[in-house]
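Report on one structure; see the data block that follows.
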Amino acid sequence: MSRHVAIVTDSTAYLPQRTMERHGITAVPLTVVLGDQALEEGTEISTRSLAQALQKRRPVTTSRPSPRVFAETYRRVAEAGATGIVSLHLSAELSGTYDAAVLAAREAPVPVRVVDTGMVAMALGFCAVSAAEAAETGGSIDDAVTAAEKRADSTSAFFYVDTLDYLRRGGRIGAAQALLGSALAVKPLLQLHEGRIDLLEKVRTASRAIARLEELVADRAGSAPVDIAVHHLAAPERASALADRLRGRVPGLADLHVSEVGAVIGAHTGPGLLGVVVSPR
């Protein structure tokens, strides 16, 4: 590892493998518990298997990495040549991952700054890339943290789900909000706000909800340079079509990523998820 400051994140960043390799980013996996099996996200459970389990209403839960796993990761990264580490993770409002990283950082062989980005999925991924770019130009730990926090402050995440039931079951949205979302069979649009998932709007049909999602993204993107990620779970055609429309509506579009979310986020949103991250450069 040539750079002095290394970047660690977690598997919910859903960064493309080539991006992680190019920037030397390390991802610590979260765990999906399917029945009595604990499976690592990204290597031991596919999103297709998860979607099938959810559709069959099999019990699915998720679990943070242990402090021991983080400690081992920090040790390996230090042994590879890092003299400092910036560890960026999904919102502490949604997971105990940040807390586990903080515990491990106390015993790390090099200085570790653990950051609760308040983000998830490529909203977290874009933060990790910005931190890595700062480190690659010779930046300090503080410089990398500042770059990540600046990116997080400017990034927005909106998403559509077919039902709020999965979020309610996992405790990621309140029962009252879930009840509002299911009333009269409306389709919910949500946003990530201060690290929490909030109900943004209720729309009558799926097609209108997705059209409204497109409008929100285009308005938020404006005309300045911006990166966008379109996420889905078991809805590739829906995601591809939205991405194509955004290419024509966002004049400042720089990079556009289209990907299926992993099992951890999918377990809490259910099949049919369509999410969009808008991250100005």
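Note that these values count all heavy atoms, side chains included, but never hydrogens, waters or copies made by symmetry.
Scanning both residues, P188 and L199, for their nearest heavy atoms gives CB-CD1, 3.7 Å. Considering all non-hydrogen atoms of both residues, S11 and P29 come closest at OG-CA, 3.6 Å.
Counting only heavy atoms from C-beta outward, the side chains of F70 and V28 approach each other to under 4.5 Å. Taking the side chain as every heavy atom from C-beta outward, D153 and K150 never approach each other to under 4.5 Å. A heavy-atom distance below 4.5 Å is found between the side chains of V86 and L88. Within the 4.5 Å cutoff, the side chain of T83 has heavy atoms near those of the H4 side chain.
Here R212 pairs with E215 in a salt bridge; the nearest charged N to carboxylate O distance falls below 4.0 Å. One finds a salt bridge joining R281 and D255 here, because a Lys/Arg side-chain nitrogen approaches an Asp/Glu carboxylate oxygen to under 4.0 Å. Note on D244 versus R247: salt bridge recorded, some NZ/NE/NH1/NH2 to OD/OE distance being below 4.0 Å. Here D227 pairs with R151 in a salt bridge; the nearest charged N to carboxylate O distance falls below 4.0 Å.
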Begin with the C-alpha distance, continue with both residues' side-chain angles, and end with the deciding distance and a verdict on side chain to side chain donor-acceptor pair (under 3.5 Å) for S279 and T155.
CA-CA 4 Å; S279 188; T155 295; 2.8 Å; yes
Check the pair S91 / Y98 against side chain to side chain donor-acceptor pair (under 3.5 Å), numbers first and verdict last.
CA-CA 8 Å; S91 172; Y98 167 82; over 6 Å; no
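With no hydrogens or angles considered, a side-chain donor-acceptor pair links D10 and H89 at under 3.5 Å. With hydrogens and angles left out, the side-chain atoms of T146 and D143 include no donor and acceptor closer than 3.5 Å. At a cut-off of 3.5 Å, with distance as the only test, a side-chain donor of H268 or T62 sits close to an acceptor on the other residue. For the residue pair R220/S156, the side-chain donor-acceptor check at 3.5 Å is satisfied.
The main-chain N or O of G118 is found under 3.5 Å from a side-chain atom of D116 such that the two form a donor-acceptor pair. Side-chain N or O atoms of T137 include one that pairs as donor or acceptor with a backbone N or O of A134 at under 3.5 Å.
Among E260, H231, E41, the single residue meeting the side chain to side chain donor-acceptor pair (under 3.5 Å) criterion with Y14 is E41.
Two rings, from H257 and F126, have their centers less than 6.0 Å apart.
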